[in-house]
Each structure stands twice: as C-alpha cells, then as structure tokens.
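Shown next, in structure tokens, is the structure this report addresses.
Bear in mind the structure is a predicted one, so any value in this text is a computation, not a measurement.
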Amino acid sequence: MIVHISGLLPSLSPAEQRVARLVVADPADAARRTITDLATAAETSEATVIRFCRSVGMEGYPQLRIRLAAEAARRIEPPDARVVGGDIPPGADLAQIIATIAFNDARAVEETAEQLDAEVCERVVDAINNAERVEIYGAGASGFVASDFQQKLHRIGRTAFHFPDVHAALTSSALLSRGDVAIGISHTGTTSDVIEVLEQARVRGATTVAITNFPRSPITEVADFVLTTAARETTYRSGAMASRLAQLTIVDCLFVGVAARNRARARKALEVTAEAVQAHRLGGHRRKA
C-alpha cells in the first residue's frame with residue numbers, strides 16, 4: 001500500500017500530497033489517527049482526506065486505516081535504529097550513511113518484486129520473445145539500465161538495440177513496425193526524449209512497454225504495458241542506485257523470462273559469447289577448434 005501511494009504521489013493535488021507524505025512516513029501513526037486528526041496534521045480538510053482515499057483506490061477512510069495497520073504490521077524495521085527511510089540527516093556519520101543506503105537499496109528491490117504484476121510481465125516476455133526487433137530507450141541513469149538490458153538480450157541471440165542519442169533513437173524507431181517491441185525506461189516517467197521515441201514507436205505499430213516508478217506519469221500514456229518499480233529518491237540521491245537497482249530487478253525478470261522460453265538456445269548463446277571473450281581475461285585461454 002505504501003509503495004502504491006508513493007507511486008501515485010506526483011499525480012495527487014498539493015493538499016492530497018500532504019496527506020500522502022504523512023501516511024508514507026509513518027503508516028502505523030496514520031492508522032491510529034481519526035480522519036479529523038489526520039486532516040489537521042496535514043493542514044487540510046476531512047473532505048480532502050476522503051478524496052485522497054479514493055485517489056489511491058480506497059472506498060473511504062476506514063478501509064485506508066485497515067490497510068495501513070496491516071502494512072505497519074508487516075513492515076521490516078531497519079537493523080540500525082538510526083537508519084531512516086527518507087533523506088540522510090545532517091551530521092550523519094559514514095557508518096550511518098552506509099547503513100541507510102544499504103537498507104533503502106535492499107528495500108527498493110524487495111518492494112519492487114512484491115508489487116510487480118506477474119501477468120503483465122508474462123505478456124511483455126511473450127512480446128519480446130516473438131519480436132523480430134527490440135529497441136530499448138533510456139536517458140541519464142536509466143540509460144545505463146537500457147544498455148544493460150540490450151546487452152543481456154543480445155547475448156542470448158535476440159535482436160536488440162539501445163540508442164543513447166535521441167536523434168538516432170527517433171530515426172530507428174521510425175522504422176519499427178507491428179511485431180517489434182519498444183521499451184522506454186524512465187524513473188520519473190517524465191523524460192521527454194524517452195516519451196517521444198516511445199510514442200513514435202507506438203504510432204508505427206510496435207508494442208510499447210514503460211518501466212517507471214510512477215504509474216500515472218506521462219510515459220504510461222504511450223505504453224501498451226506498464227511495469228512499475230518501487231524506489232524512493234531523496235535530496236542527495238536523485239537518480240540514486242536504489243532506482244537503478246529497482247529497474248534492473250525488472251530487467252532481470254524479463255531477461256530470465258525470455259531466456260527460459262528458449263533454454264537450450266539461450267544456454268548455447270551464453271556459452272559461445274563467454275568463450276569469445278575468455279582470451280581477454282587474465283589467465284584465460286581460447287579453446288582450440
């Protein structure tokens with residue numbers, strides 16, 4: 001529930017966002033509050049709290065309190081009491097910074113896996129497996145993930161491309177057609193370059209997939225399938241490792257899903273490609289034909 005609310009936060013009104021931040025920061029405390037208490041703490045009205053409940057898929061405040069109480073009961077507390085889920089506090093020593101980053105990164109992977117829609121993943125894997133051509137787009141930190149996915153697919157013999165330059169991506173996506181797959185990766189879901197390329201791929205008839213942290217972000221409007229991550233970026237960690245790890249979790253699930261469709265072919269391709277670079281590793285040697 002907390003992951004769901006966090007993902008919807010940018011699409012909420014300013015007043016609803018104040019309610020959301022209180023709920024996300026301490027679900028147990030929010031569950032104990034009456035609707036009047038929560039509205040007062042968020043400096044808003046009871047009507048806004050009710051609108052917030054409906055915005056996140058709840059019928060009303062009682063249902064929200066029940067879900068929050070259940071969420072609070074199952075939440076794993078960090079091993080170090082000084083570790084917090086938000087920004088690293090001023091004056092934090094390096095040990096606290098390390099513990100906080102490690103905890104939040106691990107939680108991003110776990111929560112991404114927990115909320116990942118297996119049925120949507122299955123359909124995306126089918127699309128990639130049947131595609132003649134797969135193109136993957138991403139900018140900045142998400143570009144590294146796009147490149148990683150392209151290399152993974154390429155190693156098992158899938159025709160996949162990643163174009164870091166938006167002009168190259170646009171010219172290539174203009175040649176896509178029905179049966180091809182275009183995947184756009186954007187943590188915020190607002191990266192205009194990625195959205196533009198994905199939109200053009202869709203116009204050309206390709207199946208489009210968005211990997212984003214926010215299910216109501218602009219990129220989802222040009223995607224046939226949406227897969228969401230569950231990472232929280234903070235002031236000092238915009239484009240942080242947590243968001244990339246969450247994206248890589250989805251990428252690995254899709255990659256292994258595709259490989260599993262063609263186990264023998266994938267295993268052979270991985271062996272051949274590993275052998276091709278073996279001579280470039282210290283102590284390595286190339287097998288004789």
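- Among residues two or more places apart in sequence or in another chain, the salt bridge (charged side-chain N to carboxylate O under 4.0 Å, His left out) test is passed with R202 by D224.
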Using distance only, find each side-chain donor-acceptor pair of residues 7-19 under 3.5 Å and give its atom names and separation, not counting sequence neighbours.
from: S11; atom 1: OG; to: L8; atom 2: O; distance (Å): 2.7
from: S13; atom 1: OG; to: E16; atom 2: N; distance (Å): 3.2
from: S13; atom 1: OG; to: E16; atom 2: OE1; distance (Å): 3.2
from: E16; atom 1: OE1; to: S13; atom 2: N; distance (Å): 3.2
from: E16; atom 1: OE2; to: F52; atom 2: N; distance (Å): 3.2
from: E16; atom 1: OE2; to: S55; atom 2: OG; distance (Å): 3.0
from: Q17; atom 1: OE1; to: R21; atom 2: NH2; distance (Å): 3.3
from: Q17; atom 1: NE2; to: L9; atom 2: O; distance (Å): 3.1
from: Q17; atom 1: NE2; to: L12; atom 2: O; distance (Å): 3.1
from: R18; atom 1: NE; to: A42; atom 2: O; distance (Å): 2.8
from: R18; atom 1: NH2; to: E43; atom 2: O; distance (Å): 3.1

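- For R265, the side chain to side chain contact (heavy atoms under 4.5 Å, CB included) partners at least two apart in sequence or on another chain are R158, N262.
- At distances below 3.5 Å, at least one donor-acceptor pair connects side-chain atoms of H162 with backbone N or O atoms of I136.
- A41 is linked by a side chain to side chain contact (heavy atoms under 4.5 Å, CB included) to L22, R33, counting only residues two or more places apart in sequence or in another chain.
- In this model, no donor atom of one side chain and acceptor atom of the other lie less than 3.5 Å apart for R244 and T249.
- You'll find the side chain of M58 stays beyond 4.5 Å of the side chain of R54, heavy atoms only.
- In summary, of the residues considered (H167, E135, Q200), a side chain to side chain donor-acceptor pair (under 3.5 Å) with S172 occurs for E135 alone.
- In this structure, Q115 contributes its side chain and T112 its backbone to a donor-acceptor pair below 3.5 Å.
- Hydrophobic cluster membership of Y137, counting Ile, Leu, Val, Met, Phe, Trp and Tyr whose side-chain heavy atoms lie under 4.5 Å apart directly or via other members: V166, L170, L176, V194, I195, V197, L198, I219, V222.
- What you find for A127 and V181 is that their closest heavy atoms are O-CG2, 3.5 Å.
- Side chain to side chain, Q247 and S142 meet the donor-acceptor criterion of an N or O pair below 3.5 Å.
- Open room surrounds CZ on R123; 12 or fewer heavy atoms of other groups in view lie less than 6.0 Å from it.
- Applying the salt bridge (charged side-chain N to carboxylate O under 4.0 Å, His left out) criterion to D126, with sequence neighbours excluded, gives R261.
- In F225, the CZ atom is crowded: over 12 heavy atoms of neighbouring residues, nucleotides or ligands sit closer than 6.0 Å.
- When only modelled atom types and interatomic distance are considered, S217 and T220 share no side-chain donor-acceptor pair under 3.5 Å.
- A donor-acceptor contact shorter than 3.5 Å links the side chain of H4 to the backbone of V56.
- Under the 6.0 Å cut-off for aromatic ring centres, F214 and H187 qualify, their centroids lying closer than that.
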